[in-house]
Undergrad: 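I'd like to ask some things about the structure below.
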Amino acid sequence: MSKKMDSIKMKRLLEDRLKQDGRSMTYDREKDQVRFENKETGKGIEVSLPSVIGKWNEKKDAAIDEVVYYVEQALSVMGKETKVESAEKQVLPVIRSTSFPAEASEGVPFIFDDHTAETRIYYAVDLGTTYRLIDENFAKKQSWTKEQIKEMALFNVRSLPTGVKKDEVAGNVFYFMNTNDGYDASRILNDSFLKEMAGKIEGEMTVAVPHQDVLIIGDMRNETGYDVLAQMAMAFFANGHVPITALSFIYEEGELEPVFILGKNKRKE
């Protein structure tokens with residue numbers, strides 16, 4: 001791919017990734033944005049090309065993956081009634097990067113909470129094979145307050161299985177959660193699970209959520225561990241379906257603090 005990205009190239013890239021039967025794409029040159037629309041429902045979503053190019057300059061293909069996923073998710077539920085059979089069991093939190101859109105299509109704000117400087121907590125209704133992020137209109141339709149949504153989500157995330165795989169690298173221990181249920185990163189909000197893991201840690205405990213479908217807990221027993229962690233988190237971040245952050249966090253007394261890996265055997269909290 002060319003190192004220089006412009007609106008025309010980005011438009012073609014998105015068109016290639018998102019074209020399918022029953023879907024149209026139009027380009028507004030004046031606003032420099034593309035609209036993807038479901039022909040059957042007439043509902044659609046606009047994507048600002050300069051905004052995507054800005055993210056692409058930082059994250060390359062991971063930025064395009066994020067936009068494609070967002071558009072696909074939005075179009076899959078747009079114009080359809082979401083059937084919520086047992087709402088109190090279907091609401092779950094999802095972790096996203098702070099660059100993730102704050103609004104759904106047509107400018108309706110999502111319900112979300114700040115988490116760390118790198119991450120936000122959004123809320124979703126689980127629909128089995130997919131989920132729908134909860135926006136203010138949907139919450140109003142269900143007569144849910146933000147506090148109720150948060151309580152349901154945090155209660156439900158604690159009921160998800162927390163099995164991990166263990167690996168040892170250069171004297172450091174890493175625990176991986178990778179169930180691919182869409183909520184692996186969400187387990188970072190399960191306080192009792194993190195406290196339980198902290199009880200097994202001999203060195204310093206780190207937590208990483210490089211993308212939606214992985215949670216990495218590290219037992220840092222020597223300085224080399226931080227370099228291994230940084231490389232690992234970056235590799236997962238670059239290959240994730242929904243990238244979140246390549247930064248890791250130190251977990252101490254229930255608090256998460258970002259850890260910046262500066263180079264071999266040096267780190268800065």
Undergrad: Taking the side chain as every heavy atom from C-beta outward, state whether N190 and L160 have any atom pair closer than 4.5 Å.
TA: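 No, too far: nothing below the 4.5 Å cut-off.
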
Undergrad: Taking D213's backbone N and O only, do any of them form a donor-acceptor pair with N178's side chain (distance below 3.5 Å, no angle check)?
TA: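 The answer is yes, because a donor-acceptor pair under 3.5 Å joins these two groups.
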
Undergrad: Taking M197 as the starting point, is it possible to reach L189 by hopping between hydrophobic residues whose side chains are less than 4.5 Å apart?
TA: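 They do share one cluster, since a chain of ILVMFWY contacts under 4.5 Å joins L189 to M197.
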
Undergrad: Does D126 pair with R132 as a salt bridge, N-O distance under 4.0 Å?
TA: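 R132 and D126: not salt-bridged.
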
Undergrad: Out of curiosity, Y251 OH to L256 CG, how far, rounded to the nearest 0.5 Å?
TA: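 One gets 7.5 Å once the value is rounded to the nearest 0.5 Å.
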
Undergrad: Any salt bridge linking E37 with R23? Criterion: basic side-chain nitrogen under 4.0 Å from a carboxylate oxygen.
TA: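 Not counted as a salt bridge, because no side-chain N and carboxylate O are separated by less than 4.0 Å.
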
Undergrad: Do side-chain atoms of S186 reach the backbone of P93 as a donor and acceptor pair under 3.5 angstrom?
TA: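 Pair found, side chain donor or acceptor close to backbone of P93.
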
Undergrad: Charged N to carboxylate O below 4.0 Å: is that the case for D16 and K11?
TA: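 K11 and D16: not salt-bridged.
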
Undergrad: For a quick test of reading the model, state the closest non-hydrogen atom pair linking K4 to K9 and the distance between them.
TA: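 Looks like O-NZ, 3.1 Å.
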
Undergrad: Could you please spell out the steps behind the side-chain hydrogen bond (donor to acceptor under 3.5 Å, both in side chains) verdict for D219 and N172?
TA: CA-CA 6 Å; D219 184 349; N172 303 276; over 6 Å; no

Undergrad: May I ask you to test the D113-K146 pair for a side-chain heavy-atom distance under 4.5 Å?
TA: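 The answer is yes, as the side chains (C-beta and beyond) meet within the 4.5 Å cut-off.
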
Undergrad: Are the side chains of P210 and I216 in touch, meaning some heavy atoms are under 4.5 Å apart?
TA: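 A side-chain contact under 4.5 Å exists here.
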
Undergrad: If we ignore hydrogens and angles and just use 3.5 Å, is the side chain of R120 paired with the main-chain N or O of F100 as donor and acceptor?
TA: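 Judged by distance alone, yes, a pair lies under 3.5 Å.
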
Undergrad: Are D191 and R158 within salt-bridge range, i.e. N to O under 4.0 Å?
TA: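 Looking at R158 together with D191, the answer is no, because their closest N to O distance does not fall below 4.0 Å.
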
Undergrad: Between the side chain of N156 and the main-chain N/O of S159, is any donor-acceptor distance below 3.5 Å?
TA: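 Pair absent, no side-chain N/O of N156 close to backbone of S159.
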
Undergrad: Pair V91, F155 - check side-chain contact (heavy atoms from CB on, under 4.5 Å), show working.
TA: CA-CA 9 Å; V91 176; F155 178 82; over 6 Å; no

Undergrad: Looking at CD1 of I134 and CD1 of I149, how far apart are the two atoms once the value is rounded to the nearest 0.5 Å?
TA: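 The CD1 atom of I149 is 4.5 Å from CD1 of I134, to the nearest 0.5 Å.
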
Undergrad: Do NZ/NE/NH1/NH2 and the carboxylate oxygens of R29 and D32 come within less than 4.0 Å?
TA: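 Judged by the 4.0 Å cut-off on N to carboxylate O distance, R29 and D32 do not form a salt bridge.
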
Undergrad: Is there a donor in the side chain of T26 and an acceptor in the side chain of D28, or the other way round, less than 3.5 Å apart?
TA: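 Note: T26 and D28 side chains miss the donor-acceptor criterion.
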
Undergrad: After noting the C-alpha distance and the side-chain angles of F110 and Y123, does the key distance pass the side-chain contact (heavy atoms from CB on, under 4.5 Å) rule?
TA: CA-CA 8 Å; F110 284 124; Y123 300 97; over 6 Å; no

Undergrad: Quick check: is M152 connected to I121 through a chain of hydrophobic side chains (ILVMFWY, heavy atoms under 4.5 Å apart)?
TA: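 Yes; M152 is reachable from I121 via cluster members.
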
Undergrad: Indicate yes or no: at least one non-hydrogen side-chain atom of E118 is less than 4.5 angstrom from one of T98.
TA: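 When only atoms from C-beta onward are counted, T98 and E118 do not touch, as no gap falls below 4.5 Å.
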
Undergrad: Is the closest side-chain heavy-atom distance between E136 and I111 below 4.5 Å?
TA: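 SC-SC contact between E136 and I111 confirmed.
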
Undergrad: Could I get the full list of ring pair (Phe, Tyr, Trp, His ring centres under 6.0 Å) partners for F176, not counting sequence neighbours?
TA: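 F176 satisfies ring pair (Phe, Tyr, Trp, His ring centres under 6.0 Å) with no residue once adjacent residues are dropped.
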
Undergrad: Is there a side-chain contact between V173 and D167, using heavy atoms and a 4.5 Å cut-off?
TA: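 In short, these two side chains do not touch, never coming nearer than 4.5 Å.
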
Undergrad: Please report the shortest heavy-atom distance between D184 and N180, naming the atom on each side.
TA: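 Heavy-atom minimum between the residues: OD2-N, 2.9 Å.
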
Undergrad: Can you measure from CE (M234) to CG (L229) and round to the nearest 0.5 angstrom?
TA: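 The CG atom of L229 is 11.5 Å from CE of M234, to the nearest 0.5 Å.
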
Undergrad: Cationic tip of K60 within the cone over W56's six-membered ring, i.e. under 6.0 Å and within 45° of the normal?
TA: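 So K60 does make the cation-pi contact.
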
Undergrad: Does E255 reach the main-chain N or O of E252 with its side chain, forming a donor-acceptor pair under 3.5 Å?
TA: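 Such a contact is absent between E255 side chain and E252 backbone.
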
Undergrad: Closest approach of A246 and A233, non-hydrogen atoms and distance?
TA: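 The answer is O-CB, 3.4 Å.
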
Undergrad: Report the C-alpha separation of D135 and K140 in whole Å, then their side-chain angles, then the decisive distance to 0.1 Å, and conclude whether the salt bridge (charged side-chain N to carboxylate O under 4.0 Å, His left out) test is met.
TA: CA-CA 9 Å; D135 59 32; K140 202 176 290 181; over 6 Å; no

Undergrad: Hey, could you give me each pair passing ring pair (Phe, Tyr, Trp, His ring centres under 6.0 Å) that has a residue in residues 24-47? Not counting sequence neighbours.
TA: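 The answer is none; no pair qualifies.
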
Undergrad: Return the CG to NE2 distance between N239 and H211, rounded to the nearest 0.5 Å.
TA: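 Taking CG in N239 and NE2 in H211, the distance rounds to 7.5 Å.
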
Undergrad: For the pair R35 and I45, evaluate side-chain contact (heavy atoms from CB on, under 4.5 Å) and give the outcome as yes or no after the intermediate values.
TA: CA-CA 5 Å; R35 176 177 170 85; I45 183 168; over 6 Å; no

Undergrad: How would you list, by chain and number, every residue that makes a side chain to side chain contact (heavy atoms under 4.5 Å, CB included) with A117, sequence neighbours excluded?
TA: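 If we apply the side chain to side chain contact (heavy atoms under 4.5 Å, CB included) test to A117, skipping adjacent residues, there are no hits.
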
Undergrad: For residues G218 and F174, report the shortest heavy-atom separation together with the two atoms involved.
TA: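 It is CA-CD2, 4.1 Å.
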
Undergrad: Under 4.5 Å between side-chain heavy atoms, hopping through other hydrophobics if needed: is there a path connecting F237 to M177?
TA: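 The answer is no; the residues belong to distinct hydrophobic clusters.
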
Undergrad: Could you walk me through whether Y175 and I201 pass the side-chain contact (heavy atoms from CB on, under 4.5 Å) check?
TA: CA-CA 11 Å; Y175 300 91; I201 303 296; 4.2 Å; yes

Undergrad: Parallel, tilted or perpendicular, judged at 30° and 60°: which one describes the rings of Y183 and Y131?
TA: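 Geometry flag for Y131 against Y183: tilted rings.
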
Undergrad: Taking the side chain as everything from C-beta on, heavy atoms only, tell me whether I217 gets closer than 4.5 Å to M205.
TA: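 Contact flag for I217/M205 side chains = yes.
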
Undergrad: Do V125 and Q142 come within less than 4.5 Å of each other through their side chains, counting heavy atoms only?
TA: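 No; the side chains remain at least 4.5 Å from each other.
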
Undergrad: So how far is it from T179 OG1 to K165 NZ, rounded to the nearest 0.5 Å?
TA: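 Between T179 OG1 and K165 NZ, I get 10.5 Å after rounding to 0.5 Å.
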
Undergrad: Is it true that E204 and Y226 share a donor-acceptor pair across their side chains at a distance under 3.5 Å?
TA: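 Result is yes, a qualifying pair exists.
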
Undergrad: Specify the closest pair of heavy atoms between S7 and I53, including all atoms of both residues, with the distance to one decimal.
TA: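 What the structure gives for the nearest pair is N-CD1, 3.6 Å.
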
Undergrad: Is there a donor-acceptor pair closer than 3.5 Å between any side-chain N or O of K31 and the backbone N or O of S48?
TA: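 Checking the backbone N and O of S48 against the side chain of K31, no donor-acceptor pair under 3.5 Å is found.
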
Undergrad: Going from CE on M25 to CG on L18, what distance comes out if it is rounded to the nearest 0.5 angstrom?
TA: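 Between atom CE of M25 and atom CG of L18 there are 9.0 Å.
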
Undergrad: Which atom pair, heavy atoms only, marks the closest approach of G182 to V94?
TA: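 Where G182 meets V94 most closely, the heavy atoms are O-CG1, 4.4 Å.
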
